[in-house]
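For reference, the structure is listed below as C-alpha cells.
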Protein chains: 4
Amino acid sequence: MPRGRKVNSSGEKSKKLLQEKAIELFSQFGYHETKISDIVKAANLTQPTFYLYFENKESLYNDLILQFRNEFLENVNRINVGNEDNFIEKLQTNFTALFKFFASNPHLTKIGFYQTEESEELKNIFSQILEEKLKERVEFSDHDIRIFINSIVGAIERLTLTMLFTKEKEPEQLASELINIYFAKELICR
Amino acid sequence: MPRGRKVNSSGEKSKKLLQEKAIELFSQFGYHETKISDIVKAANLTQPTFYLYFENKESLYNDLILQFRNEFLENVNRINVGNEDNFIEKLQTNFTALFKFFASNPHLTKIGFYQTEESEELKNIFSQILEEKLKERVEFSDHDIRIFINSIVGAIERLTLTMLFTKEKEPEQLASELINIYFAKELICR
Amino acid sequence: MPRGRKVNSSGEKSKKLLQEKAIELFSQFGYHETKISDIVKAANLTQPTFYLYFENKESLYNDLILQFRNEFLENVNRINVGNEDNFIEKLQTNFTALFKFFASNPHLTKIGFYQTEESEELKNIFSQILEEKLKERVEFSDHDIRIFINSIVGAIERLTLTMLFTKEKEPEQLASELINIYFAKELICR
Amino acid sequence: MPRGRKVNSSGEKSKKLLQEKAIELFSQFGYHETKISDIVKAANLTQPTFYLYFENKESLYNDLILQFRNEFLENVNRINVGNEDNFIEKLQTNFTALFKFFASNPHLTKIGFYQTEESEELKNIFSQILEEKLKERVEFSDHDIRIFINSIVGAIERLTLTMLFTKEKEPEQLASELINIYFAKELICR
DNA sequence: AATGAATGAGGATTCATTCAT
DNA sequence: GATGAATGAATCCTCATTCAT
C-alpha cells in the first residue's frame with residue numbers, strides 16, 4: 001500500500017472532516033462510546049492523521065464544547081428586551097433566534113447543551129442572564145423569580161430535544177407557545 | 001489482607017454496600033468514569049467480591065436504572081387528578097410527592113433521570129401519562145398541549161437539579177410555584 | 001441458611017461423590033474446562049468442602065491419573081503369553097481383558113489414556129512391555145518389531161475410542177479381530 | 001521500549017511470526033497453558049500487537065486447526081488406489097506422502113491431529129474416506145472392515161508420534177512396514 | 001462435616017497514543 | 001500530508017483457594 005499524501009487532500013479539509021464526523025459521533029454515542037478509531041473510520045482516514053490536527057481526543061471534545069459555549073452565549077447575550085413596550089414581542093423574537101440556533105447545529109447542541117458537565121454550568125449562566133434581563137420588566141410579586149426562570153430554561157431544554165430536533169415544531173411556534181405559557185396565561189381549568 | 005471470610009461479614013450487607021457506593025459514584029462520575037475498582041475500594045472490598053453479587057458493571061448499572069424507573073413510574077402512575085373540583089390542589093400534592101421522591105434518593109435520581117439513554121424515554125413516558133391525566137381537565141383551546149406538557153416536564157427536571165438537590169427549595173415550595181406558573185397566571189408585565 | 005453438617009452426610013460418601021463427578025467432568029471437558037465450581041455443583045456441595053477431601057484441583061487430577069495408571073499397568077503386566085502352543089489364544093484372552101478394563105470405566109480411561117501428558121508415557125510403557133512379551137514368540141525376520149508393536153497399541157487406542165466406548169463392538173469381538181489382523185493374515189487383495 | 005513502529009517492521013512478518021510461535025507453543029503446552037503473553041514474548045512483541053492480527057486467542061487457535069484440517073483432508077483425498085494391479089504400491093506411496101505431510105509440520109500436526117476435539121472428528125473422516133477407497137479393492141470376507149480401518153488409522157496416529165516425530169524412522173519406512181503389516185502377512189508364530 | 005463470604009493472582013482485551021516511513 | 005505498525009496503561013473478569021462460622 002502506498003503511503004504519504006493522498007491525492008486531492010488538503011489539511012484543512014481533513015481537519016474539518018474529522019471535526020464533523022466527531023460531532024456526529026459524539027452527539028450520537030457520547031464521549032466514551034466514541035472511539036478515535038470510529039472517528040477516523042467515518043472520515044476515511046487513519047489514526048495518526050487525527051493527531052496531526054488535534055492534540056488528543058479530550059482536547060477535540062473540549063474544543064467542541066467551547067465552540068458551542070461561545071456561540072450559545074453570544075446568542076444569549078444578544079437577548080434584548082429593550083426599554084420599550086414591545087417587551088413580549090421582543091422576547092419572542094429572541095427565543096425564536098435561540099431555537100433557530102439550536103436547530104442549526106443539533107449535533108453540536110446535543111454535545112454542548114445535554115451531554116457534558118459543562119452543560120449544567122452553561123444552563124446556569126443562561127438562567128442568570130435571563131433573570132437579569134427579565135427581572136426589571138416582570139413583576140413577580142411574592143413568587144420566586146429563580147423558580148420561574150429555571151422553569152423556562154427547563155422548558156426550552158426539553159422542547160428543543162422533543163419537538164425541535166424531531167422537527168415536530170418550528171422555532172417560531174415553540175417561541176410563540178412558550179411566551180404564551182409563561183407570560184399570557186389564559187388556561188381555564190374545568 | 002488475608003483471604004477468606006471477614007469477621008462479622010454478611011452477604012446482604014456487602015451487596016447493599018456495593019450498591020450504595022455504586023449509586024454514589026455513578027451519580028457523581030457517570031458510568032464510564034466509575035471503575036469497578038473505585039466501587040469496591042469505596043466499599044472496602046475487593047474486585048472478586050463485586051462479581052459475587054453482580055454479574056458485571058453494566059448489569060449493576062442497568063439494575064439501578066430499572067430500580068429508578070420502577071419507583072419513578074409508580075409515583076407517576078399514582079398521580080390522580082380526580083373528578084372533583086380540587087384538581088389544582090390534587091395536582092400540587094402529586095407534584096410535591098414527586099419532588100419528595102426525587103429528594104429521597106438524589107443519587108439514584110441523577111442516574112435514572114439525567115444520565116442515561118433511558119432517561120429520555122422515561123421523560124417521554126412521563127409526558128404521555130401527564131398529558132392523559134391533564135387533557136380532560138384543562139382547556140387548551142388552540143394551544144398545543146404537548147408543548148405545555150413538555151414545558152412542565154422540563155421545568156420539573158431543571159428545578160429538581162438546581163433547586164431541590166441544592167436544598168434551596170423544599171418539595172412543597174417547588175410544587176406550589178409550579179402550579180402557580182402553569183395554572184394560575186397573574187404575572188404582570190410592565 | 002443453616003450451615004454445618006448435612007443430615008445423612010458422611011465424609012467418605014462426599015469424597016467419593018466428588019471424585020465421581022470429577023471423573024465425569026474431567027473426561028468430558030478436560031482439566032482446564034472443568035472448574036472446581038462445576039465439580040461441587042454436580043455433587044451438590046460447596047467449594048470449601050472440596051478442600052476438605054482434596055489438597056487442590058491438580059492433586060485430585062493427578063490422583064485420578066495415578067489410579068488409572070496403576071490399574072492399567074496391572075492389567076498390562078498380567079498379560080501372559082506363556083510357553084505353550086496356545087500363544088495366540090492367550091493373547092486374545094489378554095486383549096479381551098484389557099478391553100474389558102477400558103470398558104469398565106470409560107471416563108477414567110479417557111482421562112488417563114487420552115487426555116494427559118502422562119498418557120503418552122503410559123502407552124510407551126505398554127509398548128515396551130508388549131514388545132518384551134511378544135518378541136520371544138514371534139518371528140519378525142527383517143521387519144521392525146517396534147513398528148509392529150506401536151501399530152497394535154495405536155489400534156487398541158483407536159478401537160477403544162471408536163468402537164468400544166460407542167458400544168458398537170464387544171471386547172471379545174475387538175480382541176478377536178485384532179488377533180486376526182495382526183497375527184493371521186488372510187486378506188486377499190484383488 | 002518506545003511506542004510506535006519499530007524499525008524495519010512489516011505487518012506480514014509480524015503476523016507470520018506470531019503464528020509460528022503460537023504453533024510451537026500450542027503444540028508443546030496446549031491451548032490453556034499457552035498464554036497470549038507467552039506468544040508475544042516469544043515473538044518479541046507486545047500484547048496489543050497480537051490483537052492487530054488476530055481477533056483473540058481462540059480464533060487464532062481455530063484458524064490453526066482449520067488450516068491443518070484443510071491440508072490434511074487434501075492429502076487424504078489425494079489418496080488414489082486406482083483400478084490397476086499396483087494397488088498395494090500405490091497405497092504405500094500415498095501413506096508415504098501422508099507421513100511426509102505430518103513430518104513437514106509436526107507442530108501443527110500435533111495441534112490438529114492430537115490436541116483438539118476436532119482431532120477425533122478428523123480421524124473419523126479419515127477412516128471413512130479410507131474405508132471407501134479400500135473396500136472395493138480388498139476382500140474382507142467375514143471380518144469387520146471398520147475395525148480393520150480403525151486399526152490402520154490408530155497405527156498411523158501412533159507411529160507418527162512415536163517414530164516419525166522422534167525421527168527414528170523415515171516416512172518411506174513407516175509406509176512400507178505398514179503395508180506389510182496390514183496387507184502382506186508373513187508373520188510366523190512359533 | 002459443611003458452608004457463607006471473601007480474596008490473591010493472573011489473564012484477556014481495549015484504547016489512546018506514538019514512532020518510522 | 002498521511003499511513004503502517006507498534007505499544008503503555010489500564011480495565012474487566014475468572015478461578016482456585018482460604019478464613020470465619
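Below, chain A is the first sequence line, B the second, and so on; all start at residue 1.
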Residues 17-31 of chain A side chain polar contacts: donor-acceptor under 3.5 Å, at least two apart:
residue, atom, partner, partner atom, Å
Ser27(A), OG, Ile23(A), O, 3.3
Ser27(A), OG, Glu24(A), O, 3.0
Ser27(A), OG, His107(A), ND1, 3.0
Tyr31(A), OH, Glu58(A), N, 3.4

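- At whole-Å resolution of the value, CZ in Phe54(A) and C1' in dA2(F) are 15 Å apart.
- For dC15(F), neither phosphate oxygen OP1 nor OP2 lies less than 4.0 angstrom from any side-chain nitrogen or oxygen of Ser37(C).
- Distance from the side chain of Pro48(D) is smallest to dG8(F) among dA2(F), dA6(F), dG8(F).
- When heavy atoms are screened at a 4.0 angstrom cut-off, Pro2(D) is found touching the sugar-phosphate backbone but no base atom.
- The side chain of Tyr51(A) lies closest to dT18(E), out of dT13(E), dT3(F), dT18(E).
- The side chain of Thr49(A) sits closest to dA2(F) out of dA2(F), dT17(F), dT13(E).
- With rounding to whole Å, Lys13(D) atom NZ is found 13 Å from dA6(F) atom C1'.
- With dT7(E), dT7(F), dA20(E) as the choices, the nucleotide that has an atom nearest any side-chain atom of Val7(D) turns out to be dA20(E).
- Judged purely by atom type and a 3.5 angstrom limit, Lys6(B) has no side-chain atom pairing as donor or acceptor with the backbone of Arg3(B).
- Summarising the geometry, the separation between CD1 on Ile39(C) and C1' on dC15(F) is reported as 12 Å, rounded to the nearest angstrom.
- Here the nucleotide nearest the side chain of Tyr53(A), chosen from dC12(F), dA2(F), dT7(E), is dA2(F).
- A donor-acceptor pair under 3.5 Å is formed between the side chain of Asp38(C) and the backbone N or O of Lys35(C).
- Phosphate proximity of dG8(E) to Thr46(B): absent, as no side-chain N or O sits under 4.0 Å from OP1 or OP2.
- A donor-acceptor contact under 3.5 Å is formed by the side chain of Arg5(D) with the base of dG4(F).
- The interatomic distance linking Asp38(D) (CG) with dG10(E) (P) rounds to 13 Å, in whole Å.
- A residue-by-residue look at Glu55(D) and Glu58(A) shows that Glu55(D) has its nearest nucleotide of DNA chain E further toward the 5' end.
- Within the 4.0 angstrom heavy-atom criterion, base atoms lie near Leu52(B).
- The distance from atom CZ of Arg3(D) to atom P of dC15(E) is 15 Å, rounded to the nearest whole Å.
- The nearest heavy atom of DNA chain E to Lys15(B) and to Gly4(D) marks one nucleotide each, and the one closer to the 5' end goes with Lys15(B).
- If you take CG of Leu45(C) and P of dG4(E), they are 11 Å apart, rounded to a whole angstrom.
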*With pairs defined as Watson-Crick or G-U wobble and both distances under 3.5 angstrom, please note down DNA chain F as a dot-bracket string, | for pairing with another strand.*
.||||||||||||||||||||
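- You'll find that the side chain of Lys35(A) is closest to dC15(E), out of dA16(F), dC15(E), dA12(E).
- Note: NZ (Lys6(D)) to P (dT3(F)) measures 24 Å, nearest angstrom.
- Both Asn56(C) and His32(B) lie close to DNA chain F; mapped to their nearest nucleotides by heavy-atom distance, the more 5′-ward contact belongs to His32(B).
- Proximity of a side-chain donor or acceptor of Asn124(B) to a complementary backbone N or O of Glu121(B) within less than 3.5 Å is not detected.
- Interatomic distance, Ile65(D) CD1 to Leu108(D) CG, rounded to the nearest 0.5 Å: 9.5 Å.
- Listed nucleotides dG8(F), dT17(E), dC19(F) differ in distance to Lys57(A); the shortest reach to its side chain belongs to dT17(E).
- Between the CG atom of Asn44(C) and the C1' atom of dT3(E) there is a distance of 12 Å, given to the nearest Å.
- Two residues are said to be in side-chain contact when any heavy atoms from C-beta on lie closer than 4.5 Å; Leu45(B) and Ile39(B) fail this criterion.
- Under the 6.0 Å distance and 45° angle rule, Lys123(A) counts as a cation-pi partner of Tyr114(A).
- Between Phe54(A) and Phe50(A), the ring-plane angle classifies as tilted under the 30° and 60° cut-offs.
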